[in-house]
K.L.:
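Quick one: the structure is below, questions incoming.
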There are 2 protein chains.
Amino acid sequence: MDFPKPLQLSVDRTSPVPLYFQLSQQLEAAIEKGTLTPGSLLGNEIDLANRLGLSRPTVRQAIQALVDKGLLVRRRGVGTQVVHSQVKRPLELSSLYDDLEAAGQKPATTVLRNTFEPATAEVAAALGVPEGSDVHLVERLRYAHGEPMARLRNHLPTGLLPLDTEYLEGTGLYRLMRGAGITLHSARQTVGARAATAQEADLLTETEGAPLLTMERTTFDDTGRAVEFGSHIYRASRYSFEFQLLVRP
Amino acid sequence: MDFPKPLQLSVDRTSPVPLYFQLSQQLEAAIEKGTLTPGSLLGNEIDLANRLGLSRPTVRQAIQALVDKGLLVRRRGVGTQVVHSQVKRPLELSSLYDDLEAAGQKPATTVLRNTFEPATAEVAAALGVPEGSDVHLVERLRYAHGEPMARLRNHLPTGLLPLDTEYLEGTGLYRLMRGAGITLHSARQTVGARAATAQEADLLTETEGAPLLTMERTTFDDTGRAVEFGSHIYRASRYSFEFQLLVRP
DNA sequence: TAGTGGTCTAGACCACCCG
DNA sequence: GGGTGGTCTAGACCACTAG
């Protein structure tokens, strides 16, 4: 049996991009494009290394990155295969703004509140600050297609970053945070549902008692500091959470 | 400055367990126990390798595993630090049965239906089988604390595994699948909310129009085959999805 | 038995961060 | 400038799978 090998791989040793990463990207692109078809074998690591003038560990590192992404599966004694389609993104720290933008919906935002308030017990516990101490409160209404989609309420430690209302209406909160040099690391989320109150229904142009999706999220940076506590509500009639996940191997 | 080094590390070269894995587990245990405190530096990789009689790549592999888990953070020019707490589990392919059991709630299950049915367009698309061909249908009511919690409806390809009603009432579906030698690989989920119909409300002892959490999930094995399509409803008053996630580095 | 991935070694040079 | 992690090499032996 002969392998279809229209696979054009090469690395640029003058580039500052790591060799394993160059290879990894090329393989991913080939999978994406369909040049590497699902189920096909990748060819063994040694040959691949020789062909590219790389060492085997470097080639393995490239392949491992794609295995971690769920695009490839290794089988001892068999080889490395392309997974049969179906993998998209492994659940990111989703930003509603980015989600909507990716869907081509050019989201709009209205800032309802942008102030400081004393922390409630719940907020204080989430952010790890003393109860009653001032925290930043941002409340926004997010639109898509000119219709309200969600009410986003965020609490942040004071002094973490400047939050101009103008900026908040032009982009997402996470993007602002990353721009301020904050390295997001992990988050703990709870997703539930409940009925809309009269006030919430009014804000979201729903009827009282309509089902709402709720999400609470505490986000931490890489030093373990809580950088944001959000409690959001979404119109269940217009929005749902969608994500891909990989099973722990 | 002296490092607190009550850290007892060793590897057993006669063990079949990979050296990097032994080290990784010991480090994780030390973090779990608090011997390695959040924010503390791990000591540089070269020393660690020398101290254990390992090569640096092996030590790096052990550390990398914990970085991937979100327990450690590497900083070039600084060192490797223990993350300040907060990381629990990085979102697994959650089984309601396992979740409830972990919460000490000894879940009970009633099988409502366990039959074969022709696949609807939606089910056929999800499972990758011809529309109208027979698929396995399992419908269960899950209880916790003697109260109904969720109605779980699963469609599976025929012939994948035997699904005795008796087994289904004693454990979770994923556990049955793993026991049948199926390697779960990835899943695509959608979580939303809607109002309960009269029939659903009756089944779940809610009132008509009460908010329900909905989840649809297609699960794939490592060959890319769809092994299960589920569309479930949960009482929003009694249940919410909770998970930890890591930000793509 | 032949071929594959899984693990491991003992070096090397570089980029980055800090004092 | 000294120390850290980031990358890379050129080998080696083993465990598993297949035919």
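Quick note: numbers below take in every heavy atom, side chains included, and nothing from hydrogens, waters or symmetry partners.
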K.L.:
Tell me: CD of Gln81(B) to P of dG5(D), nearest whole Å?
P.N.:
11 Å

K.L.:
dT4(D) phosphate, OP1 or OP2: any side-chain N/O from Asn44(B) under 4.0 angstrom?
P.N.:
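Yes, within the criterion.
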
K.L.:
Among the nucleotides dC8(C), dA15(D), dC16(C), which one has an atom lying closest to any side-chain atom of Leu19(B)?
P.N.:
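When the side chain of Leu19(B) is considered, dC8(C) is the closest of dC8(C), dA15(D), dC16(C).
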
K.L.:
Picking from dT7(D), dC8(D), dC8(C), which would you name as closest to the side chain of Ser55(A)?
P.N.:
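Nearest listed nucleotide: dC8(D).
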
K.L.:
Do any N or O atoms from the side chain of Asp164(B) and from the backbone of Glu166(B) form a donor-acceptor pair under 3.5 angstrom?
P.N.:
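The answer is no, because no donor-acceptor pair under 3.5 Å joins these two groups.
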
K.L.:
Tell me whether the side-chain N/O atoms of Thr80(B) come closer than 4.0 Å to OP1 or OP2 in dT4(D).
P.N.:
no

K.L.:
For Ile46(B), answer base if it contacts any base atom (sugar-phosphate contacts may also be present), sugar-phosphate if it contacts only those atoms, and nothing otherwise; contact means non-hydrogen atoms under 4.0 Å.
P.N.:
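No contact.
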
K.L.:
Send over the distance from Leu52(A) CG to dA10(D) C1', rounded to a whole Å.
P.N.:
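Taking CG of Leu52(A) and C1' of dA10(D), I get 16 Å after rounding.
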
K.L.:
Rounding to an integer number of Å, can you tell me how far Leu48(A) CG sits from dT9(D) P?
P.N.:
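It works out to 13 Å between those atoms.
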
K.L.:
Classify Arg56(B) by what it touches in the nucleic acid, base, sugar-phosphate, or nothing, heavy-atom distance under 4.0 Å.
P.N.:
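Answer is base: heavy atoms of Arg56(B) come under 4.0 Å of a base.
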
K.L.:
Strictly below 4.0 Å, N to O, side chains only: are Arg153(B) and Glu216(B) in salt-bridge contact?
P.N.:
no

K.L.:
Report the nucleotide, chosen from dT7(C), dT17(D), dT9(C), that has the shortest atom-to-atom distance to any side-chain atom of Thr58(B).
P.N.:
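Of the options given, the side chain of Thr58(B) lies nearest dT9(C).
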
K.L.:
With both distances under 3.5 Å as the test, what is the Watson-Crick or G-U wobble partner of dG19(D)?
P.N.:
none

K.L.:
Could you state the CZ-C1' distance from Arg76(A) to dC16(D), rounded to the nearest angstrom?
P.N.:
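Checked: the CZ to C1' distance equals 5 Å.
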
K.L.:
In whole angstroms, how far is the C1' atom of dG5(D) from the CD atom of Gln61(A)?
P.N.:
13 Å

K.L.:
Between Arg51(A) and Asp47(A), does at least one N-O distance fall below 4.0 Å, as a salt bridge requires?
P.N.:
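No, no charged N to carboxylate O under 4.0 Å.
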
K.L.:
From the options dG5(D), dT7(C), dT9(C), select the nucleotide whose nearest atom is closest to the side chain of Leu54(B).
P.N.:
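Out of dG5(D), dT7(C), dT9(C), the nucleotide with an atom closest to Leu54(B)'s side chain is dT9(C).
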
K.L.:
Rounded off to whole Å, could you give me the CZ-to-P distance for the Phe21(B) and dT7(C) pair?
P.N.:
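The distance from CZ of Phe21(B) to P of dT7(C) comes to 10 Å, rounded to the nearest Å.
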
K.L.:
Would you call Glu242(A) and Arg188(B) a salt bridge, using N to O less than 4.0 angstrom?
P.N.:
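Looking at Arg188(B) together with Glu242(A), the answer is yes, because their closest N to O distance falls below 4.0 Å.
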
K.L.:
Regarding Glu28(A) and Lys33(A), does a basic nitrogen lie under 4.0 Å from an acidic carboxylate oxygen?
P.N.:
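Answer for the salt bridge query: no.
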
K.L.:
For Glu45(B) and for Gly53(A), locate the closest nucleotide of DNA chain D by heavy-atom distance; then report the residue assigned to the nucleotide nearer the 5' terminus.
P.N.:
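Whichever sits nearer the 5' end wins; that is Glu45(B).
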
K.L.:
Among dC16(C), dT7(D), dT7(C), which nucleotide has an atom closest to any side-chain atom of Tyr20(A)?
P.N.:
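Within the option list, the nearest is dT7(D).
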
K.L.:
Please tell me which of Pro57(B) and Asp47(B) maps to the more 5' nucleotide of DNA chain D, matching each residue to the nucleotide holding its nearest heavy atom.
P.N.:
Asp47(B)

K.L.:
Atom CD1 of Ile63(B) to atom C1' of dG6(D): distance rounded to whole Å?
P.N.:
13 Å

K.L.:
Tell me whether the side-chain N/O atoms of Arg60(A) come closer than 4.0 Å to OP1 or OP2 in dG6(C).
P.N.:
yes

K.L.:
Side chain of Arg13(B) only, please: which of dA15(C), dC8(C), dT4(C) is the nearest?
P.N.:
dC8(C)

K.L.:
Under 3.5 Å, is there a donor-acceptor pair linking the side chains of Asp134(A) and Thr158(A)?
P.N.:
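No, because no side-chain N or O of Asp134(A) sits under 3.5 Å from a partner of the opposite role on Thr158(A).
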
K.L.:
Look at Arg74(A) and dT4(C) and indicate whether a side-chain polar atom (N or O) is within less than 4.0 Å of OP1 or OP2.
P.N.:
no

